[in-house]
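One structure is given here, and the rest of the page talks about it.
Heads up: numbering here begins at 1 and tracks the sequence. Small disclaimer: the values here were computed from a predicted structure and weren't measured.
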Amino acid sequence: MVERPTNGITAFLTIRGKRGQEALAFYTRAFGAEVTEKNLAEDGQRLMQAGLKINGGWLMLSDEFPEWRGYDEPEPKGVGLHLQVDDADAWAERAVAAGATITMPVDNQFWGDRYGQLTDPFGHLWSIGSPIKE
C-alpha cells in the first residue's frame, strides 16, 4: 500500500519545463526526501503526480500539463515552503550542494531561530529554520 497524507494541508507544486523527475531527484538530494509514490503520465515521461516525505512532512508535485489547463504555468512566486529542522545550517548547505541558491543566508533571528531562505532550481522559495543552539 502506498503511504499518503491523511490529514492537514499538503503543498502541491507544479514543476515547469518537463522537469518533474529532475525535481524528485533534487528534493531527494537537497532535503533527504523519501519518494512514496510516483505516477507517470501517458507519455511515459512527465510526472502525473508524485508524493514525498520530507522531515516528517508531505509534499506532492507534478509536471505542468498546459494541454489540460490551456496555458503554461507561470513562474512560481508569492508562496514559500518552510522546513523546521534540527540544524538549519546543515540543511541549507546540503540544499546548496544539490543546486539551490541562497537568497537569505542562515543567521540568528530575533524570534530564536537560525533561519534562512533559498530558491530551488525550479523557482520555488524555501525557508529553513532551527532553534538557536545554546
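Using a 4.5 Å heavy-atom cutoff, the side chains of Leu47 and Leu24 are in contact. Side-chain contact between Val106 and Glu93 is absent, with no heavy atoms from C-beta onward closer than 4.5 Å. Looking only at side-chain heavy atoms (C-beta outward), Gln84 and Asp113 come within less than 4.5 Å of each other. Taking 4.5 Å as the limit, some side-chain heavy atom of Gln21 sits within range of a side-chain heavy atom of Lys38.
Residue Lys53 forms a salt bridge (charged side-chain N to carboxylate O under 4.0 Å, His left out) with just one option from Glu3, Glu34, Glu37, and that option is Glu3.
Both Leu13 and Val35 are members of a single hydrophobic cluster when ILVMFWY side chains are connected at heavy-atom separations under 4.5 Å. Both Leu61 and Leu40 are members of a single hydrophobic cluster when ILVMFWY side chains are connected at heavy-atom separations under 4.5 Å. Note: the hydrophobic cluster containing Phe12 does not contain Trp68 (ILVMFWY, side chain heavy atoms under 4.5 Å, direct or indirect links).
Of the inter-residue distances, the one linking Leu81 atom CG with Ile54 atom CD1 reads 8.0 Å to the nearest 0.5 angstrom. Summarising the geometry, atom OG belonging to Ser130 is positioned 9.5 Å from atom CD1 belonging to Ile128; distances are rounded to the nearest 0.5 Å. To the nearest 0.5 angstrom, Ile102 atom CD1 is 9.0 Å from Thr119 atom OG1.
Between Asp72 and Arg16 there is no salt bridge, since no side-chain N of the basic residue sits under 4.0 Å from a carboxylate O of the acidic one.
Between Phe31 and Tyr27, the two ring planes are parallel [angle under 30°; tilted spans 30° to 60°].
Of all heavy-atom pairs spanning Pro76 and Phe122, the tightest one is CG-O, 3.5 Å. Residues Arg46 and Pro66 approach most closely at NH1-CD, 4.3 Å, considering heavy atoms. Scanning both residues, Ser127 and Tyr115, for their nearest heavy atoms gives CB-OH, 3.2 Å. The heavy-atom pair separating Ile132 from Arg114 by the smallest distance is CG1-N, 3.7 Å. Contact record, Leu118 with Ala92: CD2-CA, 4.3 Å, taken as the closest heavy-atom pair.
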Would His124 and Ile15 count as a side-chain contact (heavy atoms from CB on, under 4.5 Å) here? Give the steps. CA-CA 9 Å; His124 299 282; Ile15 307 298; 3.8 Å; yes
Does Arg4 form a side-chain contact (heavy atoms from CB on, under 4.5 Å) with Thr10? I'd like the steps, not just the answer. CA-CA 10 Å; Arg4 294 186 175 113; Thr10 302; over 6 Å; no
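Side chains of Asp63 and Gln45: no donor on one and acceptor on the other come within 3.5 Å.
Of the possible donor and acceptor atoms, one in the side chain of Arg19 sits under 3.5 Å from a partner among the backbone N and O of Pro121. No side-chain donor-acceptor contact under 3.5 Å links Thr14 to the backbone of Glu64.
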